[in-house]
J.: 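A single structure is presented below for examination.
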Amino acid sequence: MRYWAGAREIAGTAEQWEPAASLAELLVAIRAKHGDRMTRLIETGLVLVDGERVSIATERALAESTLVEILPPFAGG
């Protein structure tokens, strides 16, 4: 896992190892570990799997080397 900006603040770290066989399993573990603020951020922000934006509802198996990143919502202009 790699956390960016507000996600890093909530997690208290920029990176963490969390074993999981699927994206759904990983997100359940991250939500349980970091609480309601992280849950809201995951639901409104971006989730990247190996650099590809994915829906949190995506059924996706994860390999040990898979990089999942959580980015908070942001505004552009």
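We use all heavy atoms of the structure for the numbers below, so side chains are in, but hydrogens, waters and symmetry mates are not.
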J.: Using a 3.5 Å cut-off and no angle test, enumerate the donor-acceptor pairs between side-chain atoms of residues 36-50 and protein atoms at least two apart in sequence or in another chain.
T.:
from: Thr39; atom 1: OG1; to: Gly35; atom 2: O; distance (Å): 3.1
from: Thr44; atom 1: OG1; to: Arg40; atom 2: O; distance (Å): 3.0
from: Asp50; atom 1: OD1; to: Leu67; atom 2: N; distance (Å): 2.8

J.: Mind jotting down which residue pairs meet the side chain to side chain donor-acceptor pair (under 3.5 Å) criterion with at least one end in residues 54-65? Sequence neighbours excluded, please.
T.: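 Applying side chain to side chain donor-acceptor pair (under 3.5 Å) to every pair that reaches into residues 54-65, excluding sequence neighbours, yields nothing.
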
J.: Can you see which heavy atom on Pro72 is nearest to which on Ala5, and at what distance?
T.: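 Of all heavy-atom pairs spanning Pro72 and Ala5, the closest is CG-CB, 3.7 Å.
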
J.: Same cluster or not: are Ile70 and Val54 linked, directly or through other Ile, Leu, Val, Met, Phe, Trp or Tyr residues, by side-chain heavy atoms under 4.5 angstrom apart?
T.: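 Yes, Ile70 and Val54 fall within the same hydrophobic cluster.
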
J.: If you take all heavy atoms of Glu18 and Ala29, which pair is closest and at what distance?
T.: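 Glu18 and Ala29 have their closest heavy atoms at OE2-CB, 3.8 Å.
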
J.: Which other residues end up in the same hydrophobic cluster as Trp17, if Ile, Leu, Val, Met, Phe, Trp and Tyr are linked when side-chain heavy atoms come under 4.5 Å apart?
T.: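 Its cluster partners, ordered by chain and number, are none at all.
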
J.: Less than 4.5 Å apart, side chain to side chain, heavy atoms only: is that true for Ile30 and Ile10?
T.: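 Heavy-atom side-chain distance check fails, nothing below 4.5 Å.
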
J.: Quick test of your reading: applying side chain to side chain donor-acceptor pair (under 3.5 Å), list the pairs with at least one residue in residues 2-12, sequence neighbours left out, ordered by first then second residue.
T.: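 Listed by first then second residue: Arg2-Glu15, Tyr3-Gln16, Trp4-Glu69.
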
J.: Using the ring-ring contact (aromatic ring centres under 6.0 Å, His included) rule, collect all pairs that involve residues 45-72, keeping only residues at least two apart or in two chains.
T.: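 Residue pairs passing ring-ring contact (aromatic ring centres under 6.0 Å, His included), neighbours aside: none found.
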
